[in-house]
Amino acid sequence: MKKSYFKLNEDAPLFVLLSKKPLWWRKLIDDSDLYCNIRKNNRINVYYRGASIMSLSYKDGSIEADIHNYYLGYEKASCDLLNIKYGNVTLKPEEILCRIQTIKKRVEENKKNLACIAGEEKNGKNYSSEKYVQSQMYLNDKLYIDTEFALSLDDGTEIRIDLVKLSEEGMICFEELKLIDDSRLKPSGNKKAEILKQMDSYDKFLKEAAKIKGEKLQPILVEYYSKVLRIMKKIGIARTEIIPLSVCDYVYLSIEQTYTKKHQRRNSAIEVIQEVCKELHSNIKDVVQKYESL
């Protein structure tokens, strides 16, 4: 694992400019539906319902925002037909804020970001998407300090962990989220459940990161998230005053129980997932209890 993955400058121009609270930035962070995560190499991603709707960076004396033009209403088929670029475009952040309601509606239409309306269900299941559940977990618990943590392992494996939480004792805890009906929680034929391979790669990540020390000889993850939290406070998006002191030695699997009705096939699936989770740190006991109480 490269030490450069954790490159982050607290005094980078982007953070300095945002600390002055320009009007568009105040408007953005006052929107309770949106949240911002600090990214490596001195960038910021802005999320709505788990979708990264823009990436902020500094270039040539000003702040610019990258956004996929899907969120601006562009249709791929029409773009292909008319030879118009379909992908990321760069705008002023003010231009994006002026279109935020259109962007939100575009996100809401995407199946990856569906939210269950209270009292509604389909086929005995709350149909919220994983991305939406992730966003609500982050927004509703100030101890979450990051989402979508990504890098490459020494063997080239790409990892992306859903959530990062800071315990009351200052322990950095990585968390993977899955909905109960995710096929990756169960074996397929003679193959082990995909979640086991995924969690194994996370275990390798923690072991590789533990070998790297920061500038002041702290564990690299402690130093990195200490910087992240100081930057968040500097630019007005602080979530907690707790100081990172250590790193949990495992990644926690958080399963969202979305079933609203029981039947035999689901009973069997729950038993299979329960068996898979014996090898993992997870909330499976709570999941089973919630399902059995239906």
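Heavy atoms only: backbone and side chains are in, while hydrogens, waters and symmetry mates are out.
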### Task
Might you work through the side chain to side chain contact (heavy atoms under 4.5 Å, CB included) test for N110 and Y70, ending with a clear yes or no?
CA-CA 10 Å; N110 192 299; Y70 166 84; 3.5 Å; yes

Check whether [X] and [Y] end up in the same hydrophobic cluster, where Ile, Leu, Val, Met, Phe, Trp and Tyr are linked by side-chain heavy atoms less than 4.5 Å apart.
{"X": "L206", "Y": "L245", "result": "no"}
{"X": "Y252", "Y": "M171", "result": "no"}
{"X": "L217", "Y": "I212", "result": "no"}

Do [X] and [Y] have side chains that approach each other closer than 4.5 Å (heavy atoms only, starting at C-beta)?
{"X": "M54", "Y": "L97", "value": "yes"}
{"X": "D200", "Y": "K204", "value": "yes"}
{"X": "Y225", "Y": "D146", "value": "yes"}
{"X": "L56", "Y": "P93", "value": "yes"}
{"X": "F174", "Y": "D162", "value": "no"}
{"X": "L34", "Y": "I100", "value": "yes"}
{"X": "L253", "Y": "C277", "value": "yes"}
{"X": "V89", "Y": "Y71", "value": "no"}

Donor-acceptor pair between [X] and [Y] side chains, under 3.5 angstrom:
{"X": "Q257", "Y": "Q289", "value": "no"}
{"X": "T90", "Y": "E64", "value": "no"}
{"X": "Y259", "Y": "N126", "value": "no"}
{"X": "Y138", "Y": "N37", "value": "yes"}
{"X": "Y86", "Y": "E75", "value": "no"}
{"X": "E176", "Y": "Y202", "value": "yes"}
{"X": "R43", "Y": "S55", "value": "yes"}
{"X": "Y48", "Y": "E108", "value": "yes"}

Heavy-atom pair with the smallest gap, counting every atom of [X] and [Y]:
{"X": "K112", "Y": "K131", "result": "O-CB, 3.1 Å"}
{"X": "K178", "Y": "Q198", "result": "NZ-OE1, 3.2 Å"}
{"X": "V46", "Y": "C36", "result": "CG2-SG, 4.0 Å"}
{"X": "S32", "Y": "L139", "result": "O-CD2, 3.9 Å"}
{"X": "K85", "Y": "C79", "result": "O-SG, 4.1 Å"}
{"X": "I67", "Y": "I53", "result": "CG1-O, 2.9 Å"}

### Message
Is there a salt bridge (Lys or Arg N to Asp or Glu O under 4.0 Å) between K104 and D31? Walk through the geometry before answering.
### Response
CA-CA 12 Å; K104 285 183 178 181; D31 189 327; 2.8 Å; yes

For [X] and [Y], indicate whether the former's side chain and the latter's backbone hold a donor-acceptor pair under 3.5 Å.
{"X": "N140", "Y": "Q136", "value": "yes"}
{"X": "T258", "Y": "K125", "value": "no"}
{"X": "N42", "Y": "N9", "value": "yes"}
{"X": "S188", "Y": "K191", "value": "no"}
{"X": "S62", "Y": "Y58", "value": "no"}
{"X": "S226", "Y": "V222", "value": "yes"}
{"X": "W25", "Y": "S19", "value": "no"}
{"X": "N283", "Y": "I255", "value": "yes"}

Are the charged groups of [X] and [Y] less than 4.0 angstrom apart, N to O?
{"X": "R230", "Y": "E10", "value": "yes"}
{"X": "D11", "Y": "K227", "value": "no"}
{"X": "K207", "Y": "D203", "value": "yes"}
{"X": "K186", "Y": "E194", "value": "no"}
{"X": "K192", "Y": "E279", "value": "no"}
{"X": "K290", "Y": "D286", "value": "no"}
{"X": "R26", "Y": "E94", "value": "no"}
{"X": "K278", "Y": "E275", "value": "yes"}

### Query
With a cut-off of under 6.0 Å to the ring centre and 45° to the axis, is K40 in cation-pi contact with F149?
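Yes, a cation-pi geometry.
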
### Query
Does NZ or CZ of K165 come closer than 6.0 Å to the centre of the six-membered ring of Y144, within 45° of the ring's axis?
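That pair qualifies as a cation-pi contact.
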
### Query
Could you go step by step and tell me if L163 and Q134 meet the side chain to side chain contact (heavy atoms under 4.5 Å, CB included) rule?
CA-CA 8 Å; L163 294 149; Q134 178 191 43; 4.0 Å; yes

More than 12 heavy atoms of other groups within 6.0 Å of [X] [atom1]:
{"X": "L143", "atom1": "CG", "result": "yes"}
{"X": "E109", "atom1": "CD", "result": "yes"}
{"X": "Y5", "atom1": "OH", "result": "yes"}
{"X": "K197", "atom1": "NZ", "result": "no"}

### Query
R239 and L166: side chain to side chain contact (heavy atoms under 4.5 Å, CB included), yes or no, with the steps?
CA-CA 10 Å; R239 295 174 61 80; L166 195 59; over 6 Å; no

### Verdict with reasoning, E168 to I242, per side chain to side chain contact (heavy atoms under 4.5 Å, CB included)
CA-CA 7 Å; E168 296 283 358; I242 299 173; 3.6 Å; yes

### Query
Do H281 and Y250 have ring centres separated by under 6.0 Å?
yes

### Message
If you apply the rule salt bridge (Lys or Arg N to Asp or Glu O under 4.0 Å), what do you find for K233 with E241, and how did you get there?
### Response
CA-CA 9 Å; K233 185 174 183 178; E241 293 293 328; 3.6 Å; yes

